[in-house]
Structure formats: structure tokens, C-alpha cells
Chemist: 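Sending over a structure as C-alpha cells; questions will come in a sec.
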Amino acid sequence: MIMSKEINEPITIGLSPISHEWLETFKQEKIFQEMMDGYRFAIAYSLSKGIEPPIISGEKKTTTFNIGSLDPKKEIYNSILALNPPNLEAPIYKYAERLAEWGVTELVSIYKKSGTLDLSEIIQDSNKE
Amino acid sequence: MMKFHHIKFKNFMPYKGQHEIIFPQDSFTNILLVHGENTYGKTSILRGIKWVLYGRVLDKHTQFTFLNLLNRSSVEEKDFEFEVEIKFEANEHIYVLTRNVKKNLDIGIPRTDSDFVCKTFFEKDGSVLSASELENEMNIIAPEPVSNFFLFDGELLNEYDALLKEEDDVSLKIKESIEQILGVPALVNGRNDTTQLLKEAQKRQKHELSKYKNIEEYANNRDEIQTKIDQSNNEIENFTKQIDVTNSKKLEIESSLQDIERQFKDASDIQLIKEKITLLKSQIDELEAIKLVAASKAWKVLLKNKLKHVQQKSLAQITDTINQFERVGAVKKEIELLNDIVKNNLCGICSANAPIISVEAAKGNINRLNEVLLNISNDNSKFSKITNHYEIVNNLLGDSEERSLKDIDTELTNKHVQLISELGKEETLISKSGIIDPSEIKVKAEKIGNYNQMIQQNIKEIAKEKDKIESYTKQISSITRLIGENPGANESPTTKYVAIYDILNETFKESIGRLRDMLKEEVESKASEAFINLIHRKNYKKLKINNNYGLSIIDDENNLVDIRSSGASQIVALSLIDALARTGRPSGPVVMDTPFGRLDPKHRKNILTYLPESSSQLVLFVHRGETDKEIMDLIKPRIGSEYTIKLQKDGKNSMIEIGVQ
């Protein structure tokens with residue numbers, strides 16, 4: 001069920017410095033035009049896997065994205081609510097940040113394995129699951 | 001009648017390894033079709049037939065070397081041997097002719113023809129014949145000059161237009177070939193021999209009659225004229241040599257011009273490839289940009305299936321809730337009716353009095369229904385949440401369908417493959433093309449013009465000398481008669497020989513003229529017959545032949561058709577070829593390479609209806625553009641066999657496969 005109450009949602013969310021660097025690499029490799037596109041894709045990737053994203057601890061996060069720019073129509077927000085991943089908890093965008101961190105780590109491991117990031121293949125694989 | 005049975009190639013031109021074509025033998029299904037795209041090796045088969053029959057192949061006027069004829073891949077593999085074998089029948093005999101060329105054992109890498117050994121094997125009805133016997137047999141069956149008229153390249157048909165020009169070296173060469181086919185040289189040789197005999201006899205006669213002063217005077221006169229004839233003949237020989245020298249210089253320049261033309265073509269091809277590369281690069285950039293836009297939305301595509309699942313679940317919840325609402329409504333209505341019965345003892349539907357027992361039952365039912373109502377969830381706020389949820393999911397899925405990343409990736413891959421291929425082509429062309437100097441073309445073109453003028457001048461000079469010889473010969477004949485009429489002449493035993501040779505010489509001379517006239521008449525009539533069968537114009541009446549065997553079209557009002565289309569020229573050339581083939585030899589096969597270049601479908605049909613009738617076998621090397629369905633339907637009943645030339649797996653060599661691929 002979608003939660004309608006928006007409590008204490010952050011204004012910006014980000015990534016760990018290492019994931020931030022990888023998003024920059026994806027941009028340089030022209031896999032994504034903007035880092036933000038990679039960030040959204042990483043959130044969606046985690047959602048598609050139906051995992052509970054681990055809590056980010058230790059490392060200082062790099063504040064990267066303004067929520068207003070990242071999710072102007074609240075589509076990410078609503079998608080998370082609609083798909084209701086395990087142990088979803090507010091604030092939703094904080095949860096999204098965890099999804100993004102996990103997603104980027106997974107995308108990096110695919111990239112390292114195949115030397116590229118074939119988005120259409122990832123989509124195809126996800127449809128098979 | 002001549003008929004081919006089979007031809008076999010080994011490492012010949014683009015045909016690496018062994019390849020064979022079997023010719024149809026039936027007199028009705030006598031068409032053999034060989035399909036092949038340009039550059040795959042159709043003309044090489046024609047060259048193979050010419051080479052095995054006559055031991056040489058000409059490209060215009062230059063002879064192909066053995067290295068030209070040897071397969072290139074074989075050369076790379078250091079296999080320096082090629083062979084062609086043809087089996088045919090003619091005049092009720094079976095012939096097998098094989099030519100085999102092998103590198104000389106002492107030579108490492110052969111570079112010229114002398115580095116090879118060429119062996120010819122010739123069998124007639126199973127018995128082996130010598131090389132000289134081969135020449136004799138071939139001169140009877142199909143002399144080499146005749147081959148131009150039954151083994152021909154359709155693209156060279158325009159050369160026959162040259163026959164219409166009276167004073168042209170090309171026309172003279174073709175005329176010479178035609179006359180050779182028609183047997184004129186036999187009489188020319190007879191005349192030359194009698195001229196020589198006459199000269200010798202006249203010398204002896206002069207010596208024998210030297211005591212007669214007046215005869216000696218005549219004889220001296222005759223000697224002087226004879227000297228002039230000899231001088232004229234020498235002049236003709238010199239001019240002919242000059243023409244040959246000039247022609248070979250001209251050919252050399254023409255061939256270097258062809259190289260330049262090829263370079264120009266390469267340069268223009270490079271330009272085209274560059275444009276293609278630029279276009280491909282911009283298309284790739286555009287696709288990359290589209291791909292990045294698609295990548296920015298890819299996260300939604302990734303969630304699409306899961307969201308659809310949620311959407312279906314929400315829809316089911318909405319349907320469930322609506323059903324519950326309807327159920328509540330129905331139960332409430334039932335309670336209302338039962339309340340009416342309890343309060344008024346009346347049936348709420350038919351207004352009849354209700355018995356006491358029914359009232360009690362109604363009370364019981366009301367209690368039961370109220371319990372049901374309590375169990376049905378009827379939470380309006382929950383319904384609102386569900387519909388809201390459904391709407392949000394709908395919105396998330398609602399984006400219009402855009403081009404998928406997979407599609408874009410596929411197109412990008414294709415474009416990259418095309419780009420790599422074009423870059424490869426560009427590199428190859430750049431590496432083989434040199435630097436072109438336009439002024440060089442101008443200089444060469446001027447030289448060719450000068451050479452043409454020189455050749456024309458020489459032809460005119462030869463004609464002048466021939467006129468002189470004609471006049472001198474008449475003078476000599478008169479003097480010879482005067483000597484013969486002299487009473488003392490009979491004292492020379494040679495006088496009667498002089499008279500006989502003189503008469504023979506005149507006879508040959510006259511016979512040559514008559515034979516030419518007869519042959520021209522025959523060629524004109526047969527060519528006209530073929531032309532009327534082939535041409536699709538009712539107002540064309542016949543063909544008219546000139547001294548060079550050039551043919552002009554005459555219309556039904558007996559006017560000469562001055563301007564004719566290239567298609568009509570091709571029909572005229574084919575008519576001439578058909579007439580010459582039928583005048584100069586018995587019926588035989590006709591092999592045509594790319595025969596229909598300039599012909600419209602109607603004329604193609606006419607030719608394909610006519611030629612199988614006039615030849616023993618019709619072999620056609622055609623590319624896809626020449627044979628549409630209509631044409632294939634027309635000749636289908638007459639096709640004896642079909643082959644297709646395909647590229648081998650290496651993409652460099654060709655192979656011949658039976659059937660249409």
C-alpha cells in the first residue's frame with residue numbers, strides 16, 4: 001500500500017564517494033548522459049531485484065543530488081511506494097539512497113565482468129526473472 | 001554442325017580448383033543460361049572457351065599473358081598450373097581439346113610467358129592429333145576470326161558501328177576479319193600468286209626477246225611501270241607498318257588513359273565512400289544521442305513489468321471493493337424490505353398482508369443480514385486509497401511507447417559494421433590509387449588525336465597507292481598484249497605463260513570483286529532477314545550493306561535511317577553477326593556475354609525467340625538485371641540447363657554451380 005504521508009524527507013541524497021566515482025565513469029563512458037540518470041537506474045535496478053538495501057554506514061556520503069531535480073514528478077518516490085520493497089521505511093528518499101548505493105555496486109560488478117554496461121541486456125534479464 | 005559438350009576449368013582466372021559446365025545437347029532445349037553478378041566471372045568463361053579453342057585471348061588488341069589467365073589465389077599458394085578442356089562435336093566427329101599451362105621446372109616464380117610450358121592435347125574420335133592438325137581442323141570447323149561472331153561480348157557490339165565509317169582503321173580490321181570468314185583471302189592469295197608468277201614470266205620473256213629492239217623497248221617500259229608498282233607496294237607496306245606502329249602507340253596511351261580513368265574512378269569512389277562515412281558517423285552520433293535519452297528513461301522500463309504486476313493487483317482490489325459495495329447495497333435493500341414487513345405487516349413488493357409467521361421470520365433474517373453487514377468491510381477511505389494507488393501506478397506506466405534500447409543498440413551495431421566496412425574500402429582504394437595529374441590526361445588525349453590523324457593520313461596514302469597500282473597494272477596489261485601481238489614474241493617460249501598468267505591474274509581480280517559483291521548480297525539478305533525478325537519497328541524494311549560490310553537501316557519508303565538508337569545499333573550488330581555466322585560456317589553454338597545491355601524487353605524477347613532457332617546451342621551469360629520473369633517465362637521451355645556463378649567462401653574466387661541460386 002502506498003504511504004501517503006511524507007515525513008521528514010531529505011532535500012538532497014547522494015552516494016558513497018566510491019559509487020559517486022563510478023557514476024562519473026559511467027557518464028564518461030557515455031552509458032548515461034547525466035550521473036542522475038545512472039542514479040535513477042541504480043534505484044530501479046535494486047527495486048527490480050526486490051532486495052532490502054543494506055543501511056549505508058561508515059563512509060561519509062557525497063551529497064550529490066537535489067530531490068527536486070532527481071525526482072521532479074515524484075515518480076521514483078511513487079515507484080518505491082508502489083513496489084513496496086522489503087522493510088520499506090520512511091523517509092522514502094533515504095530508502096532510495098540505500099537502493100541507489102546497492103544498485104550502483106551491482107552495476108559496477110556487471111561492468112567489471114563484461115567491460116561494459118549493456119542496459120538493454122540488464123532490462124532483458126530483469127524481464128526474465 | 002558444331003556443338004559443345006562440356007568445358008572444364010582448373011585454376012583458370014577466378015575459378016580456383018576444378019569446375020565444369022555441361023552443354024545441352026537437345027536441339028529444342030538448346031539454351032544454356034549462366035547467371036552471375038558483374039565481376040563474378042561470366043566473361044572469364046567466354047575467355048576460357050576462346051583460349052582453349054585458339055590458344056590465345058585478346059583484351060581489345062592486347063593478348064592475355066599466362067599470368068593473367070592463372071588464378072590469383074593459386075599464384076599466392078605457389079600453384080602455377082592451370083588447364084581448360086573442351087569437348088565438342090563437329091562434322092560428325094567428336095573432339096577433345098585440352099590446354100595445360102605449367103610453370104617451367106627450372107623457374108622459381110614465373111614472371112613471363114616464357115617461364116611457363118604450355119601443352120596442347122587434341123583428340124579426334126579418340127585418336128591423338130598433332131598441333132598442326134589441330135590448326136587445320138579448327139580452320140575447317142570454326143576459324144579464329146569467325147569466333148568473334150559466335151563467341152562474343154555483348155558490351156563490345158558497338159564496335160560494329162565503326163563499319164559504317166568507310167575510312168577507319170577499326171572498320172578496316174573488322175572488314176578484314178569478315179572477309180577472312182567469308183573466304184575472300186583464298187582468291188586474294190590466288191591473285192598475289194599469279195601476280196608473282198606473271199612478274200617472273202615477264203622477266204624471262206624480256207630476256208628471251210632481247211634481240212627485238214621494239215619489244216625490248218616495250219619490256220623496258222613494262223619494267224619501269226613494274227618498278228613503280230613495286231615502289232607503291234613498298235609504300236603500302238610502309239604505311240601499313242606505320243599504321244601498326246601508330247596503333248600500338250595509341251593502344252599504349254589508351255591503356256594508360258584507362259589506368260588514369262580507373263584512378264579517377266577510384267578517386268570518385270573514395271569521395272563517395274568518404275561521404276558515406278561522414279553520413280554513417282553522423283547517424284551514429286545521432287543514434288548515440290537517442291540512446292542516451294533512452295538510457296535516461298531506462299529505469300522506468302526496468303520497473304515496467306513489476307509495476308504492471310502491481311497495477312493488476314490494484315485493479316483486482318478495486319474490483320473486489322466494488323463488489324463488496326454492491327453486496328452491502330443489496331443487503332441493505334433486503335433489510336429495508338424486511339423492516340417494512342415487520343413494521344406494517346405488509347409485503348414491501350406486492351403490498352399484501354404478511355402472515356405472522358413471516359413477520360417473525362423477517363425479524364430473524366434482519367438480524368442475520370445485520371451480522372453479514374458487519375462482516376463486509378465497507379471502508380470508503382480504503383477504497384479511495386486503492387484507487388489513488390491504482391492511478392499513480394497507471395501514471396507511472398503511462399508514458400508513451402518509445403523506441404527500445406535494444407532496437408537502438410541493434411541499429412548502432414549495424415551502423416558500426418557498415419562504418420568499419422566503408423573505412424576498410426577507403427583504405428584499400430587509397431592505398432592502390434596514385435596521384436592524378438589532369439594535365440597528363442590532356443596531353444595523352446591530344447596524342448591519341450594526333451595518332452588518329454596519322455592513321456587516317458596513312459589510310460588515304462594507301463588508297464592512293466592502290467589507285468596507282470590499279471592504273472599501272474592496266475598499263476602493264478596493255479604493254480604485255482602489245483608484246484604478245486609482236487610477230488617476234490612467239491620466239492619466246494615464255495610468252496604463252498605471260499598470257500596465261502595475265503588472264504589468270506585478271507580472272508582472280510574480277511573474281512574477288514564478284515565474290516565480294518555476292519557475299520555482300522548474301523550477308524545483306526541474311527542480315528535483313530534476321531533484322532526483320534529481331535526489330536520491333538514495322539516501318540523498317542531491310543538493311544543495306546556498304547563496302548565495309550557496315551549495315552544501315554532502310555525504312556519502308558526506301559530512305560536511309562540516319563540516326564538510330566543504341567538499341568537499334570545493337571540489333572543491327574546482332575543481325576550482322578547472325579548473317580556472318582550463317583554465311584561463313586555451318587550452324588554452330590552462339591555464346592553471348594551480357595547480351596542485352598542496351599535492349600528493351602521487347603527486343604530481348606525477339607532475340608531470345610530467334611537465336612535458339614538459328615544456332616545449334618545458345619549460351620547466355622546474364623546478370624540479374626537482364627532476365628526478368630517475363631523473359632524467363634518465354635525461354636523456359638527452351639532452357640536445357642542453368643548454372644549460377646557464386647563467390648567461394650574466401651570471397652575472392654568464383655565457383656560454378658548447377659541450377660539457379
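Chain A is the first sequence line, chain B the second, and so forth, proteins listed ahead of strands; every chain is numbered from 1.
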Chemist: Between A:Asp118, A:Leu119, A:Ile43, who has the most heavy-atom pairs with chain B when the cutoff is under 4.5 Å?
Modeler: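 Going by pairs under 4.5 Å, I would pick A:Leu119.
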Chemist: Any ion pair linking A:Glu75 and B:Lys300 (charged N to carboxylate O, less than 4.0 Å)?
Modeler: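 Yes, this pair counts.
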Chemist: Hey, mind stepping through A:Ile76 and B:Trp299 against side chain to side chain contact (heavy atoms under 4.5 Å, CB included) and telling me if it holds?
Modeler: CA-CA 9 Å; A:Ile76 291 174; B:Trp299 72 273; 3.7 Å; yes
Chemist: In Å, rounded to the nearest 0.5 Å, how long is the span from CG of B:Leu307 to CG of A:Leu83?
Modeler: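 One gets 4.5 Å once the value is rounded to the nearest 0.5 Å.
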Chemist: If I take atom NZ from residue B:Lys291 and atom OG from residue A:Ser120, how far apart are they, to the nearest 0.5 angstrom?
Modeler: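 Here the interatomic distance stands at 7.0 Å.
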Chemist: Who among B:Leu302, B:Val310, B:Asn305 has the most heavy-atom pairs with chain A under 4.5 Å?
Modeler: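 Result: the option with the highest number of such pairs is B:Leu302.
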Chemist: Does B:Glu286 have more than 12 heavy atoms from other residues, nucleotides or ligands lying within 6.0 Å of its CD?
Modeler: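 Counting other residues, nucleotides and ligands, CD of B:Glu286 stays at 12 neighbours or fewer.
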Chemist: Return the NZ to CD1 distance between B:Lys406 and A:Ile123, rounded to the nearest 0.5 Å.
Modeler: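 Those atoms lie 11.0 Å apart.
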Chemist: Rounded to the nearest 0.5 Å, what separates atom CG in B:Leu303 from atom OH in A:Tyr45?
Modeler: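 One finds 12.5 Å between CG of B:Leu303 and OH of A:Tyr45.
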Chemist: Heavy-atom count around A:Phe32 CZ within 6.0 Å, excluding the residue itself: above 12?
Modeler: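 Check passes, neighbour count above 12.
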Chemist: Supply the atom-to-atom distance B:Ser296 OG to A:Arg40 CZ, rounded to the nearest 0.5 angstrom.
Modeler: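 Rounded to the nearest 0.5 Å, the OG-CZ separation comes out at 7.0 Å.
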Chemist: With a sphere of 6.0 Å drawn around NE2 of B:His416, does it hold more than 12 non-hydrogen atoms of other residues, nucleotides or ligands?
Modeler: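 Yes.
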Chemist: For the atom pair NZ (B:Lys306) and OG (A:Ser79), what is the distance rounded to the nearest 0.5 Å?
Modeler: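 Going from the NZ atom of B:Lys306 to the OG atom of A:Ser79 covers 12.5 Å.
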